[in-house]
Amino acid sequence: MTKLQEVLDEIALEAASATDRGAVAHYIPELAKVDPAHFGIAVALPDGQVLTAGNAETPFSIQSVSKVFTLSLALGKLGDSLWARVGREPSGNPFNSIVQLEQEKGRPRNPFINAGAIVIADLILSGHQPREAIGEIVRFIRYLADDDTILIDERVARSETAHGDRNASLAHFMRAFGSIDNPVDHVLGVYFHQCAIAMSCHQLARAGLYLASRGCNPLTGMQVVPVERARRINAIMLMCGHYDGSGEFAFRVGLPGKSGVGGGILAIAPGVASIGVWSPGLDTVGNSKLGTAALEQLTRRMEWSVFGA
Ligand code: GLU
């Protein structure tokens, strides 16, 4: 057995017996039903191998991890003109904060806070019906993972739509500043559906491989984004991928990463690996508690931190 497989098995074993697992997200009722006992991890390597441990094949709601993929898609459509609409600085604020938006006149700090991702959804939607834009996002993620079985969990999408007042406030607020072009309910329809995409750790790790491999997906040989863009997306993940816990994640794990309130994290060791980890219990800022601990252990033992061993 390789050292990596041994490390993954030990991490999964330790996670299985953890007592303090954090709390599942409650503000989306469908996510509150998820069993906090789950734990899965998958590591995809540039040669196409995927090593897994725990519940690595169980689909979960990727939530904000989807923001990495929609940013990649939108950059492909708009190029760097996208940055006129959204910044690329860490927010230091919770994922759904409205305070900073007022101070900064409706231009979100970065594409990974909710406000920024809603602007990205608006950009992808322009010129299409919501159904087409949602289809485009799902097709893009299937293409990245090289897996046509990836689906949207409609129950999660409905649940979030029914309880999405906070995101609706952000969207209306931005539209008042002219930051959103399309009708708010259409934009939110796209945003809620992208968040409701369900993927396993295995699928997630494969989908992120282009970011570990200079923008090229080694599974298909396709250049998904130019090499410089992959480097920049990784930079934004490192600085902004965990909301106001981004500094702590860099400190403990030392990799570009993006979390979601479903308890998933996609982390990238550039040139080395793409990692999908899932444990539904969250810490106080909304990032997977055991997922972060698992990545901390993985990077320490494999010496994968971008900041050195
Ligand atoms: N769909 C969630 C929301 O908008 C995403 C938040 C997250 O995953 O961090 O509240």
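Counting convention: from 1, in listed order, for ligands and their atoms alike.
Distances between N or O atoms of N167 and those of ligand 1 include at least one value under 3.5 Å. Every N/O-N/O distance between G260 and ligand 1 stays at or above 3.5 Å. Annotation: Q63 places an N or O atom under 3.5 Å from an N or O atom of ligand 1; distance criterion only.
Close contacts between ligand 1 and C195 involve ligand atoms 1 (N) [criterion: under 4.0 Å to a heavy atom]. Within ligand 1, counting atoms from 1 as listed, the ones closer than 4.0 Å to a heavy atom of Y243 are 7 (C), 9 (O). Those atoms of ligand 1 that come under 4.0 Å of a heavy atom in Y191, given as number and element, are 1 (N), 2 (C), 3 (C), 4 (O), 5 (C).
Using a 4.0 Å heavy-atom cutoff, N114 is listed among the residues neighbouring ligand 1. Not a single heavy atom of F192 sits closer than 4.0 Å to an atom of ligand 1.
Across D122 and S179, no two heavy atoms sit closer than the pair OD2-O, 4.1 Å.
In terms of protein heavy-atom proximity, atom 10 (O) of ligand 1 is closest to Y27 OH, 2.6 Å.
Enclosure of atom CD in Q223 by more than 12 non-hydrogen atoms of other residues, nucleotides or ligands within 6.0 angstrom is indicated.
Note: I113 CD1 to L101 CG = 6.5 Å, rounded to the nearest 0.5 Å. Expressed to the nearest 0.5 Å, how far CG of L8 lies from CD of Q5 amounts to 5.5 Å. Put simply, OG1 on T220 and CZ on R206 are 9.5 Å apart, with the number rounded to the nearest 0.5 Å.
Taking the ring centre of Y243 as origin, the terminal cationic atom of K258 falls inside the region bounded by 6.0 Å and 45° from the ring axis.
Contacts between E160 and ligand 1 below 4.0 angstrom, taking non-hydrogen atoms only, involve the side chain exclusively. Residue contacts with ligand 1, taken as heavy atom pairs separated by less than 4.0 Å, involve S64 via backbone and side-chain atoms alike.
Relative orientation of the F140 and Y143 rings is tilted, given thresholds of 30° and 60° on the angle between their planes.
Under the 3.5 Å distance criterion, with hydrogens and angles disregarded, no donor-acceptor pair is assigned to the side chains of E30 and S159.
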